[in-house]
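Below you'll find the structure, written out as structure tokens, and then a few comments.
Scope of the values below: all heavy atoms of this structure, side chains included, with no hydrogens, waters or symmetry mates. Since this is a predicted model, take the numbers as computed values, not measurements. Order of the sequence lines sets the chain letters (A, B, ...), proteins ahead of strands, with each chain counted from 1.
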Amino acid sequence: MDVGQPSATPLAVVAPRRARFRGLLPWLFLAPLLVPLALFVYWPLLHTFFLSFVRWNLQPGVPMEFVGLANYDGVLASTLFADAAWNSLIYVLAAIPLKVLLPLPVAVFIWSLGTAGGWYRTVLFLPTLISFVIVAVVVGWMLNPIAGHVAALLANVGGGFGNPLASPDGAIVTIILLSGWKVFGFNVLLYLAGLASIRRDLIEAMRLDGASDWTILRRLIWPLLTPTTFFVLIATVIFSLQQVFTPIDILTEGGPENGTTNFFYMVYQLAFRTFDIGRGAAGTVLLFGLLLVITLIKLRALDKRVHYQQ
Amino acid sequence: MTRVTRAALLRRALPAAIGAGLLPAPAVRAQAPIEITYYHWQTGVAGRSLRGLLDAFQAENPGVVVRDIFKQSDQITAEIQSVVAARRPLDVAQVLGRNVLFIQANLPVVPLDEDRAAGEWLGRFAPNFLGLGDRGGRPYAMPHSFGTPVAYLNLDLLAQAGITTPPATWADTIAAALAVRERTGRAGIAHIQTGNRDYGVMTLVLANGGRYLSPDGRRALFNSPEGIEALQLWGDLVARHRVHPVANDQQLTAAFRAGQLAIHVNTSAGLQPAIAGAEGRFRLGIAQYPTFGAKPRRVPSSGAVMMLFSPEGPRRAATLRLFEFLSRRDIANRWSRETGYIPLSAEPLADPAMARYVEETPLVRPTIAQMPDTVSTDVWAPNGAVEAQTEVSNLVSALWAGRGTAADLVPATVARIDAILSRLNPA
């Protein structure tokens with residue numbers, strides 16, 4: 001046996017193996033995140049797309065029937081669709097001033113207080129921690145037209161049996177305000193996180209140059225806060241339709257006269273009240289498409305105005 | 001201390017495990033109990049009562065274990081659907097009356113006459129409660145947790161308004177409600193709504209002698225003089241007489257229990273909570289559902305039936321034994337006494353325990369007296385129920401807001417409902 005001649009075979013085998021293992025290593029580390037994401041997010045998403053083209057109620061042994069766009073037609077022709085679309089728009093538009101713009105000055109105020117702002121932070125964040133089911137039930141009690149606190153106040157000023165949930169306008173305003181109150185503190189906290197990343201020495205430098213509070217806010221704080229504002233805007237708009245689901249279901253069931261329903265609630269009703277899986281899936285795909293389009297428009301329109309560097 | 005390595009442990013344990021597998025286990029396996037899975041929406045007092053009945057069944061059938069699973073009433077049909085889709089065990093489920101057609105059309109429900117003795121044990125129920133489960137002449141559901149609409153009375157508020165006799169007709173009821181509003185300033189009356197106001201409308205229409213839906217649930221039939229008159233009455237209570245507050249069922253029930261509402265037309269199944277709520281606050285009374293003049297009383301039942309899903313074999317046989325057990329007069333009566341649901345047996349008072357209970361509990365007598373006047377609830381066709389019920393709800397809102405008379409609004413609503421149902425349920 002020639003021991004002087006080094007054998008090339010073992011090295012040639014080992015090297016590609018190691019290289020292959022090194023190539024797989026990042027995927028192994030990512031697997032705990034990617035596998036659940038694929039199983040519980042992307043697979044249901046793809047399956048929902050598939051279900052939107054068939055008539056099938058998920059039952060094993062029952063053949064599914066390909067129906068093309070009939071489920072989409074069923075959603076668009078639904079008597080709930082027009083009101084759900086209109087109300088969805090109202091919920092989204094109302095969310096911007098209430099949940100995106102208003103928390104900003106409040107956050108700046110709390111931030112300016114320094115450590116003394118902790119109490120305000122706690123008070124404002126508290127509603128976020130309370131279950132929305134409990135909030136909706138308690139508000140239902142308060143607004144009880146006969147035995148609620150609001151009725152008692154109205155009775156003192158000469159009103160009787162008034163119920164804001166009884167009229168379409170009153171009901172949607174109530175749900176918008178309730179949802180705004182619930183999310184307000186969370187968005188304030190997001191803005192505070194954004195504010196915490198702004199260097200104080202930049203502010204001091206502006207002050208030394210004689211800049212007023214308003215100038216500092218407009219020229220420094222606002223531009224540096226645009227990434228946070230952008231995130232809050234996108235997240236709020238996407239979630240604005242599902243945030244109101246709980247109060248709708250508990251307080252109004254979409255009424256009165258479809259006054260509070262939205263796309264999200266309509267999809268729930270189709271899928272889980274009438275168990276029409278095909279139309280429910282088609283409604284979900286339409287909702288997904290709508291939110292995707294809104295988000296892409298916002299990205300194109302606003303991303304250039306966002307300042308990511310201090 | 002002797003240290004045992006993992007390999008050594010495996011070497012010792014493996015033969016033992018294989019040996020255990022070869023032991024004569026069939027004797028043990030033969031005694032393994034048959035497990036029945038039962039989905040229901042009973043909670044609190046009713047949940048404990050149901051478990052008590054199931055324990056009694058198990059005591060009588062030592063080889064059977066009933067596993068009961070609670071789900072909210074609104075979610076139970078979706079849950080059953082997902083249980084079947086996921087091939088999880090399901091033997092029996094409590095199903096809301098309004099979902100019976102969907103389940104019978106879409107899920108693997110087994111007709112009860114698979115049991116040759118079903119005719120005998122279903123015959124123990126009053127015939128007017130069996131219609132809900134009857135499809136094509138075969139029984140698909142057994143009545144179980146039924147209520148009937150009755151008038152809960154705050155006797156103190158009524159006395160303050162000078163009313164000492166429980167109102168028997170709608171004319172009496174309106175007069176009493178007006179007197180309450182004028183003399184006490186409190187709300188006079190509220191009518192049950194339930195299911196997007198669908199049940200409330202159905203109750204009023206049937207009570208006035210009208211028809212609500214066709215037997216297949218594909219056509220609305222309340223565009224009739226009786227239907228229009230009944231719905232105009234509900235609109236008038238709110239918009240004309242101003243004695244009926246605009247609120248949902250939860251708000252109205254809370255207001256009645258707080259002593260702020262004189263008459264609450266609600267399901268008899270709420271009797272026990274109503275007694276508890278009134279205690280120390282006001283004297284509670286119960287009256288039968290008001291009639292429209294001299295017309296005979298006819299009201300729909302509310303509540304749930306039991307449906308069978310067991311696969312063929314010992315589980316199905318055991319589940320059918322459970323159905324038979326729950327159909328017995330003494331068991332159905334015990335369920336009624338403990339929960340407030342109506343006793344469903346043909347002659348409930350033939351049971352001495354029930355007769356004694358009714359004698360001792362006067363508040364339950366109007367419900368018992370109303371049993372023969374209670375008919376099966378009408379059920380919507382499998383597809384489009386949400387849209388149809390929303391149309392019904394919108395009609396009631398428009399009547400309450402005084403945006404038209406029932407004669408103006410009902411025909412258009414019924415036309416829209418029929419269009420929705422025919423489009424989504426092609427023949």
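- Asn144(A) and Ala254(B) make their closest contact through ND2-CB, 4.0 Å (heavy atoms, listed as atom of the first residue, atom of the second, distance).
- Crowding of Arg55(A) atom CZ: a count of heavy atoms from other residues, nucleotides or ligands under 6.0 Å not exceeding 12.
- Distance check, rounded to the nearest 0.5 Å: CD of Gln250(B) to CH2 of Trp141(A) gives 11.5 Å.
- At a threshold of 4.5 Å between non-hydrogen side-chain atoms, the residues Thr77(B) and Phe275(A) count as touching.
- Within a 6.0 Å radius of CD in Glu65(A), other residues, nucleotides and ligands contribute more than 12 heavy atoms.
- If you measure heavy-atom distances from Asn106(B) to chain A, the contacts under 4.5 Å come from both the backbone and the side chain.
- Both the backbone and the side chain of Leu58(A) come within contact range of chain B, judged by heavy atoms closer than 4.5 Å.
- Environment of NE2 in His149(A): sparse, with no more than 12 heavy atoms of neighbouring residues, nucleotides or ligands closer than 6.0 Å.
- The neighbour count for Tyr42(A) OH, taken as heavy atoms of other residues, nucleotides or ligands under 6.0 Å away, does not exceed 12.
- A 4.5 Å side-chain heavy-atom check between Ile146(A) and Leu252(B) finds at least one atom pair inside the cut-off.
- The minimum heavy-atom distance between Ala85(B) and Gln59(A), with the atom names listed, is N-OE1, 3.7 Å.
- In this structure, Phe272(A) places its CZ atom where only 12 or fewer heavy-atom neighbours from other residues, nucleotides or ligands lie under 6.0 Å away.
- Contact annotation for Arg423(B): only side-chain heavy atoms (C-beta onward) come within less than 4.5 Å of a heavy atom of chain A.
- Counting heavy-atom pairs under 4.5 Å between each of Asn258(A), Val137(A), Leu143(A), Leu80(A) and chain B puts Asn258(A) at the top.
- More than 12 heavy atoms of other residues, nucleotides or ligands shown are found within 6.0 angstrom of CZ on Phe245(A).
- Here the straight-line distance linking atom CG of Asn248(B) with atom CG of Leu251(A) works out to 7.5 Å at 0.5 Å rounding.
- Among the candidates Gln260(B), Gln81(B), Arg197(B), the residue making the largest number of heavy-atom pairs closer than 4.5 Å to chain A is Gln81(B).
- Within 6.0 Å of CZ on Phe29(A) lie no more than 12 heavy atoms contributed by other residues, nucleotides or ligands.
- Proximity of Glu387(B) to Leu270(A): side-chain heavy atoms (C-beta onward) are separated by under 4.5 Å at one or more points.
- Among Val396(B), Leu395(B), Asn394(B), the one residue that satisfies the side-chain contact (heavy atoms from CB on, under 4.5 Å) test with Glu257(A) is Asn394(B).
- Contacts with chain A were tallied for Ala255(B), Ser393(B), Ala419(B); Ala255(B) has the most, counting heavy-atom pairs under 4.5 Å.
- For residues 277-294 of chain A, heavy-atom neighbours of chain B at less than 4.5 Å comprise Ile277(A), Arg279(A), sorted by residue number.
- Contact of Arg257(B) with chain A is not made at all, since no heavy-atom distance falls under 4.5 Å.
- Between Ala247(B) and Asn163(A), the shortest heavy-atom contact is CA-ND2, 3.8 Å.
- Contact annotation for Ala385(B): both backbone and side-chain heavy atoms come within less than 4.5 Å of a heavy atom of chain A.
- Note that OG1 of Thr79(A) is 8.5 Å distant from CZ of Arg416(B), once rounded to the nearest 0.5 Å.
- Of the atoms belonging to Glu391(B), it is side-chain heavy atoms, and not backbone ones, that fall under 4.5 Å from chain A.
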